[in-house]
Structures are given as C-alpha cells and as structure tokens.
Protein chains: 2
Amino acid sequence: MCELLAMSANVPTDIVFSFTGLAERGGVTGPHVDGWGITFYEGKGSRTFKDACPSSESHVAQLIKSYPIKSEVVVSHIRQANRGCVSLENTHPFTRELWGRYWTYAHNGQLSDYQQKFAVRRYQPVGDTDSELAFCWILEKVVERFGDQAPADLLPVYRFIATLADEIRALGVFNMILSDGEHLMSYCSNNLCHITRRAPFGKAKLIDTDVVIDFDKETTPNDIVTVIATRPLTDNEDWHILKPGEWKLFARGELVLTQEG
Amino acid sequence: MCELLAMSANVPTDIVFSFTGLAERGGVTGPHVDGWGITFYEGKGSRTFKDACPSSESHVAQLIKSYPIKSEVVVSHIRQANRGCVSLENTHPFTRELWGRYWTYAHNGQLSDYQQKFAVRRYQPVGDTDSELAFCWILEKVVERFGDQAPADLLPVYRFIATLADEIRALGVFNMILSDGEHLMSYCSNNLCHITRRAPFGKAKLIDTDVVIDFDKETTPNDIVTVIATRPLTDNEDWHILKPGEWKLFARGELVLTQEG
C-alpha cells in the first residue's frame, strides 16, 4: 500500500511540516520505498516533484523539506509498488489537462480485473499501474458526460466522479485524491482522514518523527487549512476518519460538498 | 526572448554542465528573469522542475546544478516574458499526454494574430501564452490527422509537425523544441544550434561562466550526446547553426530525420 497526503488552503501555505512526517514513512517509519511525488498548485499552474527512490533518501525530498513552497492545493503520494514496476512513469501523482486546468490524482490501494472495464481512448496511461489507468478512465468518462467545454459549475462533475469512484471501489481498494487546482476531492475506500485547522491555532506534534510545530506562529487568524492523509500525521489533534465510500470536496480549505450534498 | 536547451543521448546522461551555462543567462549573463523549467525523461516517465523566479537565484535550479539526474532526453527553457504574465502556468516546458507518451514542448519567439488560427478543443492551454496555445494546436492537428491510436512509426508524425511549424513561423518567430521522450525535434526560425559529441571526447568551456569540463572523463567511448541551444553554450567547439525553416529530429543522440529526409 501507499500513503497519501493532500492540502487545501485559503491562502498560499507551505506543507513542509506534514511532508516531513510523510517522507519518514518512505523508508524510515514505513515500508513505502518505491518512489514518491508531490504536486503544488500555484494559481492555475502546477509543478510536480517526483523521485523513483525512497523519500527518506531522496535529494529532491530534502529540497521539499527545506524550501517552503507556498501553495493553495497540494497532492502527494509515497509508493510501495504492488501493480507496475518501480519507475518514474509509475510514480504518483499523475496529471492530465482537461478544460484548461491541470487535474492531479493519486491513489492508494489495489484493483483487480480492471483491464476490461477501463477502456480508454483520449486519455491513455504512460506507465502500467492500475492507478493511472483508473485516472485516465475517470477523465474519459467525464469528457463523455460533460463534453469538451468546461461547465460553469464543477460541483456536478465531482458528484459524477464520485459515482465513478464507487464503481472503481467495487474492483478493490480505492482511496483517491483528485484536484483541478481549485477543488480537492478525497474519496475513501478504507484509509483516509482529514483535519481542518483554523484559529485559534495550537501546537501539533508529528507521529513519525520528533517535530512539533506551533501553527499560531506560522499563520494569520484568517487562515483555513485542511490536510488529508491516509493515516493521521499528528498524535495530539482530532483527525476525522472517513468511512468506506465516503467522500469530501474541499476548496480554499473549506468543505464544499460531500456525498449527501 | 528566451533561451532553449535540449539534449538527446544514447545513454542516460546528466546535463549539469550545459544547464549551469544556461542558468547564468537567467539573471546574470542574460536578461531572462521570468522563470525557467527543465524536463527530464527517464524511460517513459518524465519529471519537470519549474520556477517562476530567475534561474540564477532559484533554489530548485541550484538542486539541478548539484544533483546529476541521468536522462536520455532533456528539454529546458528560461523565460523573458513577452506574451503572458510571469507565473507558473506560463512557464515552459509544457507537457501533454498523447498516445500513452508525454509530449514536452518549449518555444522561443513571439507570434502575432494567432488567436483565430489556433482553434483548440481537446488540448486547451492552462496559461495565457502564445507558446502554449501553439503547442495545443499542434497536438490537436496531429490527433485530427493520425487519430487516437499511436501510429507504428512516428517519423511521418514529425514530418507533419514540421509543416505545422512552418505555418506557425509565418506568424512570427518560432524556435521550437519538441519531444515524445524518444525523439527530440528542433525547429528553427532564427536562433537554434546544436552539437553532437562522441568519441574522441575533448574539453569544453562554457561561455557564460568560468567552467571547463573534460567529457573524456565523464563518458564512455560509445556515448553519443546531442545538445541543442538557442545560442552556443561553449566557445571552443563547432556548433551547427540551423537556418530559418530548418529542422532536425534526433533519437538516442543521432540525427534520424531532417526536412530533406
């Protein structure tokens, strides 16, 4: 299995603290040694840092831990390969353009008997993971349903994507993070939780390494920051654990849609 | 204007030497202070490092200069904005997926009266540069002509792309680098040159900063490495200067097709 980490914030925020905890799971406190990746959105643009070597040893991961990139949306993944070999093309997150936005996706879990279901044409996988193929299939279905021109409102698109995720979950384990740079979706199969931090901010202590942060010193009173992870990253805060099949859509740090919405 | 740098090699090769020269032009020996980017292909996978700040000051550029990523194909660009504001989404190279390959593109030059010509539907620009729109239009036309399934032979595709580039060049200045991860195309409007290094290797001296490299110590006798740049990067070697409208296609360091081919 793999580890997921994502963030949605109402002001450009760095993820150095959370990534520091996650990166330890890539070879130190966790067995996820088959590469890692992190995508930062800055406005409409995005950049992804990836490495096929363990995050705990990676030069690039070291940069991410020491160089605070301020971002409104972050998607990150560290990998323990199950389907697909260890290589850069199989390293999450995966990105494709649709409607003039970069869509970024990462998956935790494993699927079976999926080849026949995931017929794709316009969006084709570059690597050979079940994860990337499922992402391509989601985009294929979205274009089939909504066409080439972006709808004015993306919420119906995310409701539709949730039904696709339900179908995929029937094939195995499918914890998913998906973003178009403005919205951030978390879809839970069995391992996904989140926390929304806002004023009054307190201290947080990482589980995976001996680091404590005082968010009160790092933030302004108006900041709202939601962090999503496969497992809680801190042991002194209340993380909300998602149920199987539950999903949430965030924008600017706030919840904007759930499966009941 | 901007600066382009690209490499095609028959063995994974690092581009630290050439990038060190190029990065100086981003704020030290050149005025290209509006961001930079570099894409490395490693197998079918690719990763892009980008920054909207000058390459001579960038933390990320510092990493690229100190951490030798071995790659068969590299595409790089440093930007002086003419069309489109200074932002991550306007920073080259741009990447899109087609036929299960990542296509990476960078442009030097400026186009006029292009909006009407570049009607796009499937591939839409995220930023607001003429460059990205021209790239989307090229891919749109390629799909229109060759369909959704990859042709067995990509050479006819590149011949077709050259005719599209001729059309684009009629709108202004269009020096282009394009790669699918296996092939590397250079299309010249007014500023593009290349050099192919092979045994016996010698020493090379950068123009933009006081660095000399002895390739004989860095290579094996079978290595073949082609470097493409807008202007020669070294002053003790013979760079081949492309003529207006001339283009070359390289693979594994060797020339595989030109406009006469």
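Sequence lines set the chain letters: A, B, ... in the order given, protein chains first and strands last, and positions in each chain run from 1.
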Closest non-hydrogen contact found for B:Gln124 with A:Asp148 is NE2-O, 3.0 Å
Under 4.5 Å to a heavy atom of chain A? For B:Ser46 that would be backbone
Can you tell which of B:Gly147, B:Gly181, B:Gly45 has the highest number of heavy-atom pairs within less than 4.5 Å of chain A? B:Gly45
Could you state the interatomic distance from NE2 (B:His59) to CD1 (A:Ile64), rounded to the nearest 0.5 Å? 11.5 Å
Atom CD of A:Glu42 and atom CD of B:Glu89: how far apart are they, to the nearest 0.5 Å? 9.5 Å
Between A:Val60 and B:Phe49, is a side chain to side chain contact (heavy atoms under 4.5 Å, CB included) present by the stated rule, with each step listed? CA-CA 10 Å; A:Val60 186; B:Phe49 297 83; 4.0 Å; yes
Report, by ascending residue number, the residues of residues 149-158 of chain A in heavy-atom contact with chain B at a distance under 4.5 Å; give 'none' if the set is empty. A:Gln149
Non-hydrogen atoms of chain A under 4.5 Å away: do they reach the side chain of B:Arg96, the backbone, both or neither? side chain
Atom group of B:Asn90 that falls short of 4.5 Å from chain A, counting heavy atoms: neither
By a 4.5 Å heavy-atom criterion (distance strictly below it), what part of B:Glu132 contacts chain A: side chain, backbone, both, or neither? side chain
Distance, nearest 0.5 Å, that separates CG of B:Asp128 from NZ of A:Lys44: 7.5 Å
Contact listing (chain B partner; residues 116-123 of chain A; heavy atom under 4.5 Å): A:Arg121, A:Arg122, A:Tyr123
Output for pair (A:Leu88 CG, B:Tyr102 OH), nearest 0.5 Å, gives 8.5 Å
Contacting moiety of B:Ser87, where chain A heavy atoms sit under 4.5 Å: neither
Smallest heavy-atom separation, B:Val126 atom then A:Glu97 atom, equals CG2-CG, 4.1 Å
